[in-house]
Student: 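Take this structure first; my questions come after.
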Amino acid sequence: MSGTTFRMPRIDWVLMIAVLALVTLGTLLVWSATSHREDLTGGDPTAYLRKQLVNIVIGLVLMLIVLATDHRWVRIVAPLIYLGSIVGLLLVLTMGTTVNGSRSWLQLGGMSIQPSELAKLAVVIGMALWVAERVDVRRGRAAASGDNGGLGDVAGMLLIAGVPAALILLQPDLGTMLVLSATVLGVVAVSGAPRRWLGLLVAGGVTAAMTAVAARDISE
C-alpha cells in the first residue's frame, strides 16, 4: 500500500538568504532612521518598526502561499495582477495621496498602498510569460539564423512594461521608474535578446532618465 508523500518545494537558498539579509538590514535602517523622530512617530520610537514588522509578516505569508501554489496558476492570475496594477495606477492619479512631491499612494482604511509596487511584480510576470509563450518560436529562429531573439520579442516585453511605466511617470515617481527600468533591462537580458537591443535599451533608459530629471528641475 503506497502512501502519499509530501514534497517540499525546491528553494534557492542563496536567494533566500540574500532576501532575509536585505529584510533584516532594511528593518534595522527603518528603526534607526525613525526611532528618534518624534515628529514622525508621535513619541513612540517603535511605531515605524512595528509597521515594518507587520509588512514583513504579510510578505512571509504571501511567500508561503506562493510556495504552496501550483506554478501553473501563475498563467491564470497573471493577467488579473497586471490589470489590477493598471487600475491601481489610474486610481492614484485621480484620488491618490501626494508624498514627497509624488502622487503615489492610495489610502484604504488605515493602510497606505503603493500600486507601483504591484506594477513591478506584474511587469516581471507579464514579461516572463510573454517570453515563455514565444520560446519555441525564438528557438526555431535561433536554430535557423543563429539569433537568440528578435524585435517581436523585445517589442512585446517593452509594450507590457510601457503602460505602467507611463502611468508611473505621470505621478511622477522617478525613483520607482528607475527601479522598474533596471528590472525591465534585467528581464530582457536574461530572455536571450541580442546585445544590440540591450545597448539600445540602455541608451534609451539613460536618455529618458536625464529628460525626467531635467523636466522635474524645470517644474520646481
Student: Taking the side chain as every heavy atom from C-beta outward, state whether L89 and L93 have any atom pair closer than 4.5 Å.
Tutor: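 No. Closest side-chain heavy atoms not under 4.5 Å.
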
Student: Which atoms form the tightest heavy-atom contact between A119 and P164, and what is the distance?
Tutor: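 Smallest interatomic distance, heavy atoms only, reads CB-CB, 4.2 Å.
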
Student: Nearest 0.5 Å, what's the CH2-NE2 distance between W31 and H36?
Tutor: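 Going from the CH2 atom of W31 to the NE2 atom of H36 covers 11.0 Å.
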
Student: Does L60 belong to the same Ile/Leu/Val/Met/Phe/Trp/Tyr cluster as M16, with side-chain heavy atoms less than 4.5 Å apart forming each link?
Tutor: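 Linked, L60 and M16 end up in one cluster.
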
Student: Hey, any chance L83 and I125 share a hydrophobic cluster, counting ILVMFWY side chains that come within less than 4.5 Å of each other, even indirectly?
Tutor: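 L83 and I125: separate clusters.
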
Student: Compare every heavy atom of M177 with every heavy atom of A165, then report the nearest pair and how far apart it is.
Tutor: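 It is CB-CE, 3.6 Å.
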
Student: Determine whether V188 and M127 make a side-chain contact, defined as any pair of heavy atoms from C-beta on separated by less than 4.5 Å.
Tutor: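 A side-chain contact under 4.5 Å exists here.
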
Student: Should V57 and M63 be counted in the same cluster of Ile, Leu, Val, Met, Phe, Trp and Tyr side chains packed under 4.5 Å apart?
Tutor: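 Different clusters: V57 never reaches M63 through Ile, Leu, Val, Met, Phe, Trp or Tyr contacts under 4.5 Å.
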
Student: Same cluster or not: V163 versus L185, using hydrophobic residues (I, L, V, M, F, W, Y) connected whenever any side-chain heavy atoms lie under 4.5 Å apart?
Tutor: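 Result: yes, single cluster for both.
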
Student: Following the transitive rule for hydrophobic clusters with a side-chain heavy-atom cut-off under 4.5 Å over Ile, Leu, Val, Met, Phe, Trp and Tyr, establish whether L22 and L28 coincide in one cluster.
Tutor: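 No, L22 and L28 fall in different hydrophobic clusters.
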
Student: At their closest point, which heavy atom of G84 faces which heavy atom of L118, and how far apart are they?
Tutor: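 It is C-CD2, 4.2 Å.
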
Student: Among V123, V179, V124, find the one that has a side-chain contact (heavy atoms from CB on, under 4.5 Å) with V184.
Tutor: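 The residue from V123, V179, V124 that satisfies side-chain contact (heavy atoms from CB on, under 4.5 Å) with V184 turns out to be V123.
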
Student: Please report the interatomic distance CD1(I86) to CD1(I81), rounded to the nearest 0.5 Å.
Tutor: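 If I round to the nearest 0.5 Å, the distance is 12.5 Å.
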
Student: Hey, are the side chains of K120 and Q114 touching, using non-hydrogen atoms and a 4.5 Å cut-off?
Tutor: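 Heavy-atom side-chain distance check fails, nothing below 4.5 Å.
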
Student: Looking at residues at least two apart in the chain, or sitting in another chain, which of them share a side chain to side chain donor-acceptor pair (under 3.5 Å) with T46?
Tutor: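 For T46 the side chain to side chain donor-acceptor pair (under 3.5 Å) partners, ignoring immediate neighbours, are D44, R50.
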
Student: Going from OG1 on T24 to CD1 on I56, what distance comes out if it is rounded to the nearest 0.5 angstrom?
Tutor: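 Taking OG1 in T24 and CD1 in I56, the distance rounds to 7.0 Å.
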
Student: Any non-hydrogen side-chain atom of T34 less than 4.5 Å from a side-chain atom of L49?
Tutor: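 No, side chains not in contact.
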
Student: Identify the residue among V30, L29, L25, V23 that makes a side-chain contact (heavy atoms from CB on, under 4.5 Å) with T27.
Tutor: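 It is V23; the other options fail the test.
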
Student: Nearest 0.5 Å please: distance from the CG atom of L106 over to the OG1 atom of T94.
Tutor: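 Rounded to the nearest 0.5 Å, the CG-OG1 separation comes out at 8.0 Å.
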
Student: Would you say the side-chain atoms of Y82 pair up with the backbone N or O of I160, donor to acceptor, closer than 3.5 Å?
Tutor: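 Present.
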
